[in-house]
Amino acid sequence: MHVDLDSFYAQCEENANPNLKGKPVVVCVYSGRTEDSGAVSTANYQARKYGVRAGIPIIRAKKLLETVDAAFVPMNHPRYEEISERIMDMLRSQSDAFEQTSIDEAFLDVSKRTGMNFESARDVAVEIKEQLLRQEHVTCSIGIGPNKLIAKIASDQSKPNGLTIVKPEDAITFLSPLPANRIPGVGKKAEEKLIQLNVSTVAELSGLSPNTFVENFGKSLGSYLYRASRGEDDEHVKEREQPAQFSRIATLKQNTRLPEETFPLLTELAYSVSDKLKEQGFTCKSVTIIAILTDLSIHSRSKTLESRTSEREPIEAAAKQLTQQFLRANPDAILRRVGVKASTLTKETGQTDISKFLTA
DNA sequence: GTATGCTTTCGGC
DNA sequence: TTACGGCCGAAAGCATAC
């Protein structure tokens with residue numbers, strides 16, 4: 001079973017402010033550069049009717065909604081996290097195995113408690129929907145299928161507030177007419193290939209030879225797509241124990257390549273990443289800087305640290321060094337936004353782990 | 001040749 | 001007509017180890 005909370009941030013805002021009910025609601029990330037500079041994080045379904053989508057500039061969303069009484073609200077991420085945590089705990093309690101894949105999505109393995117009976121799985125889904133509405137005033141879209149792939153595609157089939165059940169014997173019939181890009185992992189690049197191959201539906205995709213898959217999509221994606229187009233997937237639902245990375249990114253006051261204008265922000269971002277590592281009890285081994293230039297192109301540079309750390313100073317030093325190197329190697333680059341990322345995380349248990357043993 | 005690790009890019013929301 | 005965020009995980013591409 002796949003559960004997807006409908007335009008989650010927008011629902012959180014509607015619940016926090018009843019004035020928003022019934023209006024188009026646009027949740028915005030303001031960059032602070034000018035009055036309306038920034039992007040749309042998400043929009044409720046009323047706003048989507050006017051063409052407002054995640055990722056578009058706020059100013060464009062305002063134009064699209066200028067004839068209606070719409071609400072533009074700043075994103076409040078800590079609030080969404082808190083609400084999400086309660087919801088995820090509830091969903092986990094309704095499952096045999098649980099896997100949260102984002103702040104608003106999760107897979108629930110309900111095979112045991114339903115004995116693989118899809119009518120019984122429907123009851124679980126209905127109970128989840130009722131409980132979510134009662135306890136958190138939130139709607140969701142649920143997909144039920146014989147595996148994660150089909151559950152995920154099914155949850156996307158009917159939104160918002162949908163429930164789509166695909167029994168094993170109906171899987172091929174369900175998938176066949178769908179556009180091939182509904183398969184997770186088929187993005188822009190794979191889609192271009194599909195056009196070349198004259199493939200638009202999953203059924204057409206499944207008609208390609210195994211060689212055609214590997215030749216066009218590579219061994220990894222190719223064999224995944226071969227199976228996916230047949231509705232096959234054997235991934236298990238499993239808890240994600242540890243995050244893989246923490247990052248902070250922000251927009252500069254003005255476009256620049258001067259160290260005195262970028263370093264203070266880099267320091268702030270590095271400190272924030274370090275604080276989060278410490279707060280959550282992690283150390284990192286690699287540090288990455290993200291550079292977004294005036295043409296909005298995205299670049300990154302990373303390095304592996306000499307030793308694991310969560311301290312502010314080594315992360316800050318690495319970020320400054322990587323930025324300097326990037327600017328030296330790219331004399332025409334002008335920075336618009338910069339970010340700092342810590343990855344290769346390890347949870348520090350306080351117990352003697354192998355690396356401590358070896359250094360001792 | 002395969003496994004593993006590191007760096008960079010892609011894509012979803 | 002343009003406009004433009006802040007996260008995350010996964011994939012791709014390459015190098016190195018065995």
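Chain A is the first sequence line, chain B the second, and so forth, proteins listed ahead of strands; every chain is numbered from 1.
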Using a heavy-atom cut-off of 4.0 Å across all strands, would you classify [X] as base, sugar-phosphate, or nothing?
| X | value |
| --- | --- |
| A/K303 | sugar-phosphate |
| A/P184 | nothing |
| A/R337 | base |
| A/Q245 | base |
| A/G55 | base |
| A/K285 | sugar-phosphate |
| A/S31 | sugar-phosphate |
| A/F246 | sugar-phosphate |
| A/T288 | nothing |
| A/D104 | sugar-phosphate |
| A/H299 | sugar-phosphate |

- Reckon A/S102 has a side-chain N or O less than 4.0 Å from the OP1 or OP2 of B/dG12? no
Atom-pair distance ([atom1] on [X]; [atom2] on [N]), nearest Å:
| X | N | atom1 | atom2 | value |
| --- | --- | --- | --- | --- |
| A/I289 | B/dT7 | CD1 | P | 13 Å |
| A/I292 | B/dC10 | CD1 | C1' | 13 Å |
| A/I103 | B/dC13 | CD1 | P | 14 Å |
| A/I290 | B/dT7 | CD1 | C1' | 13 Å |

- Message: Tell me whether A/E119 is salt-bridged to A/R122, with the criterion being a basic N under 4.0 Å from an acidic carboxylate O.
- Response: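 Here A/E119 pairs with A/R122 in a salt bridge, since their nearest N and O are under 4.0 Å apart.
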- Task: Kindly write out the residues that satisfy side chain to side chain contact (heavy atoms under 4.5 Å, CB included) with A/L258, not counting sequence neighbours, or none if the list is empty.
- Result: A/T256, A/E260, A/E261
- Message: Please compare A/S41 and A/T101 by the position of their nearest nucleotide in DNA chain C and report the one closer to 5'.
- Response: A/S41
- Query: Yes or no on salt bridge (Lys or Arg N to Asp or Glu O under 4.0 Å) for A/R227 and A/D234, after CA distance, side-chain angles and deciding distance?
  - Reply: CA-CA 10 Å; A/R227 301 198 64 214; A/D234 49 24; 3.2 Å; yes
- Message: Take a 6.0 Å sphere around NZ of A/K320 and say whether it holds more than 12 heavy atoms from other residues, nucleotides or ligands.
- Response: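 Counting other residues, nucleotides and ligands, NZ of A/K320 exceeds 12 neighbours.
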Output every pair passing ring-ring contact (aromatic ring centres under 6.0 Å, His included) with a member in [range], not counting sequence neighbours, ordered by first then second residue.
| range | result |
| --- | --- |
| residues 126-167 of chain A | none |
| residues 242-274 of chain A | A/F246-A/F282 |
| residues 314-346 of chain A | A/H299-A/F326 |

- Item | Residue pair A/S209 / A/N211, side-chain donor-acceptor N/O under 3.5 Å |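 On atom types as modelled, these side chains do not qualify, holding no pair under 3.5 Å.
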- For residues A/R312 and A/S274, is any side-chain donor paired with an opposing acceptor at under 3.5 Å? no
- 4.5 Å side-chain heavy-atom contact, A/L345 and A/L277: yes
- Numerically ordered, the residues 312-334 of chain A set in heavy-atom contact under 4.0 Å with DNA chain C is none
- Query: If you measure from the P atom in C/dC4 to the same atom in B/dG12, how many Å do you get, rounded?
  - Reply: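 Taking atom P in both C/dC4 and B/dG12, they lie 23 Å apart.
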- Task: Give the first and the last nucleotide of DNA chain C, reading 5' to 3', that has any atom under 4.0 Å from a heavy atom of chain A.
- Result: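 Listed 5' to 3', the contact boundaries are C/dT2 to C/dA12.
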